[in-house]
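Inspection log for the structure reproduced underneath, given as structure tokens.
Labels below follow one simple rule: chain letters A, B, ... track the order of the sequence lines, proteins then strands, and each chain is numbered from 1.
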Amino acid sequence: MKTYGTEPGAPTPVQVGISELVVSDGDDTLKSYGLGSCLAIALYDPNTNIGGLAHVMLPDGDTADNSDRKPGKYADTAIRALLRRMVEQGANYTAVEAKIAGGSDMFEFESFGDGVGQRNIAAAKTELEKLGVPLEAEDVGGEYGRTVEFTPGTGTLVVKTSDGDNGVTEL
Amino acid sequence: MKLDVNALGTFYRMAREGAGLAAGRLTHMLGVETKVGVTKLNFMRGQEIRRDFEDATEKVGVRVKLTGGIEGYSVVVFERENALRIVETLLAEAGPDADVDANVDELDGFDEMTESAATEVGHIMNSGFIDGWADVLETVIDVSTPEFVEGQTAEPFFGDIDEAPADDDLALLFQSQIETVGTEVGFSHYLFPKRESMSKLLEQLRTSEGIEYDKLDGFDRMAERGAEEVAKTATTLTGIDTSVDIRRLNFVSLEAIPEQVANEKLVGVAFEFDGMPSGYLLFLFDEESAHEIVDAMVPMEVDEDGFGEMGTSAIKELGNIMASGFLDGWANVLDTTIDHSTPEFIHDIGAAAVDPVIIQLGENQDFAFVFDTVVMADGREFDCEVYAIPDESDLERALNNLDVDRIEETPTTAEFQEVDNT
């Protein structure tokens, strides 16, 4: 969801909706709600505090014809777009690290095949490896939803499940 | 007049673009943060639009007549109280020199000054939308001078507009919500295009064979029958009197579907269905409603934390029978059979239950028709949201196969009832 206009000091975390990606260089918190089979991909450069969060929906953008317009929709194109925008803002490519969360398989429907969540996880890992970005931490799979909060300044990815206080993991 | 998904997709982009521009201008004008809520294309009958307005709240609207690229009317509608609040903010921005009493509690009516300020705001919003559409369509749309409307029913807003749909006519509506962050001032926006103008646009934008506009009637009949079956089943199984509160047919981008679901822990039952059309069906309850249902369906006292084996199986059973009723309603209208899977139970953050479905559909489509239904009970907690999301190409085929004359013969029985949900 896009927010128009900014109020200085507004404490609201920046919401990263499905198929969106946001890059930030401050103490902003980037938040994605209710990830089921979608995957949250967080990249950050610990030296410059520049980082970003993508909320991807599908694995493969290279074969889709709208991935130029919506790079954040696909795991592969989202990772490349995040990296490019971070480098443009001054991040050092070789220092960038990654954390991922989400990719559950909520339902066992016949039409889902191997699982829509698994496909997203696999695609993200392949792309990160291809680009030489180390995957520092992950909280993926399972059969439950997650809400994530990422602070690029510290590289902390907080993952919450619907179990209240018991369901908070810090990556 | 024929339409296809590409044409509707362009309309959807128009609505999004327009809402974005309108929000940007509101921010500029009021100096407050704004955001665009869910944007939808809605197929609604005239009587439902009128019913929407009859919720006893005072509303004000600003409407303009459009000519050129799109012909018809564009209307921005605020709740009266919200309009006053916006005017208050606006006049406060104008500085202390402005000679106004900007206290909303004392502003109990629109005087010349506040009315003209409200009209200005509404006009700027309208222009935002219209500029957005003109951008997407790469055309010019001319706008008349704005007109200020006030009232409690639809009559003063649409009564004298020829383009507004008659009770039984299906209209394509653009609905957008813009909220100011923190203050929750939302408003709705309606576009009533002239039929000929709409038809010309659809013709331009259509890239496939598409479906006859009149067959959309079949859509509406499907929605009606499905909703009616759900309410009936729920009442039979739980003994709680329920009725259909909202029934909408929306055309939205896939990404917008989870955004619409409450951001809280919900209880749900999900199905995949197979036939013509195939797709996914979800029933979502808030936790309190789910507990009420378990209490109503399981006669003995159950001592379970959350939803244990008994609770889960009761809800799954209810879901299963509601799903059969819903899909039978569809199959009846479409004269076909639709099978559904066994139920999958979910107790999790609402959006997490919806995203696997949109991911699966997202492999082949960007948009979806969503049959949105809310069933409520009188006096007790039973709020059930139903999302039926069919595969797009299947749905197009199913509708094309539909014999419009046959729809006329299928009796309409669903009735909206007043539900006291306070």
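Contact detail for Glu344(B) and Met106(A): the closest heavy-atom pair is OE1-O, 4.0 Å. Heavy atoms only, all atoms of each residue included: Phe107(A) and Ala353(B) are closest at CE1-O, 3.2 Å.
In this structure, the side chain of Glu255(B) does not engage the main chain of Gly17(A) through any donor-acceptor pair within 3.5 Å. In this structure, the side chain of Asp355(B) engages the main chain of Gly36(A) through a donor-acceptor pair within 3.5 Å.
For the pairing with Tyr33(A), the side-chain contact (heavy atoms from CB on, under 4.5 Å) check across Ile349(B), Val261(B), Asn263(B) returns one residue only, Asn263(B).
Under a cut-off of 6.0 angstrom, the local environment of CD in Glu288(B) is sparse, with at most 12 non-hydrogen atoms contributed by other residues, nucleotides or ligands.
With a 4.5 angstrom heavy-atom cutoff, Ile358(B) touches chain A via backbone and side-chain atoms both. Of the two parts of Arg119(A), only the side chain, counted from C-beta on, holds a non-hydrogen atom closer than 4.5 Å to a non-hydrogen atom of chain B. Thr147(A) touches chain B through backbone and side chain together, each having a heavy atom under 4.5 Å away. Of the atoms belonging to Asn120(A), it is side-chain heavy atoms, and not backbone ones, that fall under 4.5 Å from chain B. The parts of Ile359(B) that come within reach of chain A are both its backbone and its side chain, each placing non-hydrogen atoms under 4.5 angstrom from that chain.
Note on Pro258(B), Ala352(B), Ala270(B): by heavy-atom pairs under 4.5 Å with chain A, the leading option is Ala352(B). Here Glu272(B) is the residue among Lys265(B), Glu272(B), Glu264(B) with the most heavy-atom pairs under 4.5 Å with chain A.
Here the CG atom belonging to Asp348(B) is positioned 10.5 Å from the CD atom belonging to Glu143(A), to the nearest 0.5 angstrom. Rounded to the nearest 0.5 Å, atoms OG1 (Thr342(B)) and CZ (Phe109(A)) are 8.0 Å apart. Rounding to the nearest 0.5 Å places OG of Ser162(A) at 6.5 Å from NE2 of His347(B). To the nearest 0.5 Å, atom CD of residue Glu108(A) and atom OG of residue Ser341(B) are 11.0 Å apart.
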Evaluation steps, ring-ring contact (aromatic ring centres under 6.0 Å, His included), between Tyr280(B) and Phe112(A): CA-CA 11 Å; Tyr280(B) 302 92; Phe112(A) 283 11; 5.6 Å; yes
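We find that Asp366(B) and Arg69(A) are not joined by a salt bridge, their nearest charged nitrogen and carboxylate oxygen being 4.0 Å or further apart.
Annotation: side chain of Glu363(B) is in contact with side chain of Leu58(A) (closest heavy-atom distance under 4.5 Å).
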